[in-house]
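Every number for a ligand or one of its atoms is a count from 1 in the order of the listing. Below, each value reflects all heavy atoms present in this structure, side chains not excepted, and no hydrogens, waters or symmetry copies. Residue indices begin at 1 and follow the sequence shown.
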Amino acid sequence: MRPFFVDTLEQVLPRMNMTEQNTRGLAGVVAAETGLSFIDGAEGRLWYRGFDVHALAKHASYLESVYLLWYDALPAAIELSAFEGTLARQRALPPAVLDALRCLPADAAPMAALRTAVSALGQVDPEADDISHEADLRKAGRLVAQLPTIVATFDRFRRDLDLVDPDPELDHAANFLYMLSGTRPSETAARALDTSWLLYLEHGLNASTFTTRVVASTLADMHSAITAGISALKGPLHGGANEKAMEMLLEIGTAGSVPSFVDTALEQKQKIMGFGHRVYRTEDPRATHLRRMAEELSLEAGDSRWYDVSRRLEVEMFERKGLHCNVDFYCATVYYSLGLAIDLFTPLFAVGRTAGWAAHVMEQHMHNKLIRPRAEYTGELDRPWVPIDRR
Ligand SMILES: CC(C)(COP(=O)(O)OP(=O)(O)OC[C@H]1O[C@@H](n2cnc3c(N)ncnc32)[C@H](O)[C@@H]1OP(=O)(O)O)[C@@H](O)C(=O)NCCC(=O)NCCS
């Protein structure tokens, strides 16, 4: 009988399709079709469903942009208010999820708590395994409504504070800040958070979105895919960068210390968090708005320290490395100015991105093809079997 595994690598390779190429990190590889967003990395432009993100950041709210992404049309006023109302009524968490959050250690990373809670939501969702488009839309709505509640609830549990019920009169961002702090936020604060979520909403096949599509392509459910997306976002090379950027700004301390900090970091070949991008070769269009908001919030607070440090670092990085800042850089200053705990920055990125992930899950479910690439094998073949007593 022919042994199962007899070919040498030299025999196997010619039979493989030699047009297959190993592209490290899948840079430049087109792995899916999408109608959700388009990034022009050379020109630094981004469109959601064909609408320039600059126009959306100026005129639209986060939920208006979510509606656009899910339904491929700008909502009329009556449609938007019905959409907002439906989501506002679904903000409360089921008791099982509250219990799960209550059981977590107070020093758990909020991003890990969010991952656990979204997975727990999937356990109790009545439509968890229904992947029809209608059920996907309803589950996506519930997730978008409930993620801010998860973040606020975990934060209040760990600070040993009573929970604050969601207020259906408040919009999406204002309600989150209210549930977190117990006081109604200023209009500027709520608008800044809302716009940051709009800018985080969707960004093509980044690592976390690709992850959600891979999970969805096995015909797994929405909650599984979003849980996986949160896991991929957690790393410092992706969503974790906004927290690392703030820790770095605090370490630098003053604008005057920026040059020596950059000297040391570059000498030690360290990555400066919040700079560089796989796709953009010029300014990240999202950073333009976050820089403006960081400046406005600093002026309003009468303390421009962190904006000044950020600005100096931005100039220094461009002069020394030709690198532009990305979405996470000024977001750090914006969230810090809003008084948010640093370890909530990445969970808040996830809150904004969930609607984008959900849109990709729906797109994948509607036009599914299992995502299953190949790896370039770099090991040996036909190693001789050695019985255990002779190893
Ligand atoms: C985003 C990121 C992962 C893109 O990575 P990439 O496309 O694989 O690019 P590389 O990491 O290969 O970087 C290319 C070159 O730019 C340099 N570079 C890229 N980002 C850098 C940064 N933030 N600080 C210092 N140097 C950087 C690399 O050292 C490399 O230089 P070299 O060619 O001399 O070795 C990378 O820029 C990074 O790690 N940034 C910091 C983390 C971050 O802000 N992530 C959020 C992204 S939205």
Exercise. So is Arg391 actually on top of Trp385's ring, under 6.0 Å and inside 45° of the axis?
Worked result: yes
Would you say [atom] touches the protein, meaning some protein heavy atom is under 4.0 Å from it?
{"atom": "atom 33 (O) of ligand 1", "value": "no"}
{"atom": "atom 30 (C) of ligand 1", "value": "no"}
{"atom": "atom 9 (O) of ligand 1", "value": "no"}
{"atom": "atom 42 (C) of ligand 1", "value": "yes"}
{"atom": "atom 45 (N) of ligand 1", "value": "yes"}

Would you please classify the geometry between the [Y] ring and the [X] ring as parallel, tilted or perpendicular, with 30° and 60° separating the classes?
{"X": "Tyr330", "Y": "Tyr307", "answer": "tilted"}
{"X": "His289", "Y": "His54", "answer": "tilted"}
{"X": "Phe275", "Y": "Phe329", "answer": "tilted"}
{"X": "Trp70", "Y": "Phe83", "answer": "perpendicular"}

Problem set entry | Enumerated ligand 1 atoms positioned under 4.0 Å from heavy atoms of Asp328 | 46 (C), 48 (S)
For this session: Could you list the atoms of ligand 1 found under 4.0 angstrom from a heavy atom of Ala241?
Result: 43 (C), 44 (O), 45 (N), 46 (C)
For this session: May I ask you to check if ligand 1 and Leu237 share an N or O to N or O distance below 3.5 Å?
Result: yes
For this session: Say whether Gly274 and ligand 1 are in contact under the criterion: heavy-atom distance to a ligand atom below 4.0 Å.
Result: yes
For this session: Compute the centroid of each ring, for Tyr280 and then for His203, and state whether the two points are separated by less than 6.0 Å.
Result: yes
